[in-house]
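What follows is a set of notes on a single structure, which appears directly below.
Being a predicted model, the structure only gives us computed values, none of them experimental. The first residue of the sequence shown is numbered 1, and numbering continues consecutively from there. What you see below is based on every heavy atom in this structure, not just the backbone, and it leaves out hydrogens, waters and symmetry mates.
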Amino acid sequence: MARGRADRDVHLQAIAYAALVSRFGLGTLAQAHRDDLSRRGQAIEIDVCKQRLLDHVDGEWSPELLQRPRQVIIAADFPKQVSHSVVWLSELTSPPPEGGGFSRLAL
């Protein structure tokens, strides 16, 4: 997320993070959640972290949930190379929803 105009490589950073997360399992994700909470001063058992994640999922947990992570890139404006890359990747990885594909949300 960028408060102003996103830099021209923001999409590459998003892809790198998505690739990293795509290799996570429940245990790895729970440990990452626990580490994040620990940095914020909250000491929580790993089993509690796992249960929070399971409770957060709508429906049943499946290892496939993380294999194709969804990405949201937010900024006031994007360079053309970011917009073009996002549209292209969106068209490659999923069928377009009814009524069209990629769209920009103006706030």
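- Contact between Ile44 and Cys49 at its shortest, heavy atoms only, is CG2-SG, 3.9 Å.
- In this structure, His33 NE2 and Leu37 CG are separated by 4.0 Å, a value rounded to the nearest 0.5 Å.
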Evaluate Leu89 against His11 for side chain to side chain contact (heavy atoms under 4.5 Å, CB included), listing each step before the verdict.
CA-CA 10 Å; Leu89 286 169; His11 59 302; 6.0 Å; no
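- Within a 6.0 Å sphere centred on CH2 of Trp61, heavy atoms belonging to other residues, nucleotides or ligands number more than 12.
- Asp55 is linked by a side chain to side chain donor-acceptor pair (under 3.5 Å) to Gln51, counting only residues two or more places apart in sequence or in another chain.
- Applying the side chain to side chain contact (heavy atoms under 4.5 Å, CB included) criterion to Ala16, with sequence neighbours excluded, gives no partner residue.
- Screening residues 16-26 for side-chain hydrogen bond (donor to acceptor under 3.5 Å, both in side chains), with sequence neighbours left out, gives no hits.
- The stretch residues 26-45 participates, sequence neighbours left out, in these salt bridge (Lys or Arg N to Asp or Glu O under 4.0 Å) pairs: Asp36-Arg39, Asp36-Arg40.
- The side chain to side chain contact (heavy atoms under 4.5 Å, CB included) check on Glu64 picks up Ser62, Gln67, with sequence neighbours excluded.
- If you take CG on Leu54 and CG on Asp47, they are separated by 10.5 Å, rounding to the nearest 0.5 Å.
- Qualifying side chain to side chain contact (heavy atoms under 4.5 Å, CB included) partners for Leu53, counting only residues two or more places apart in sequence or in other chains: Leu26, Leu29, Ala30.
- Residues Phe78 and Val86 form no side-chain contact, since every pair of their non-hydrogen atoms from C-beta on lies 4.5 Å or further apart.
- Between Gly25 and Leu66, the closest heavy-atom pair is O-CD1, 4.4 Å.
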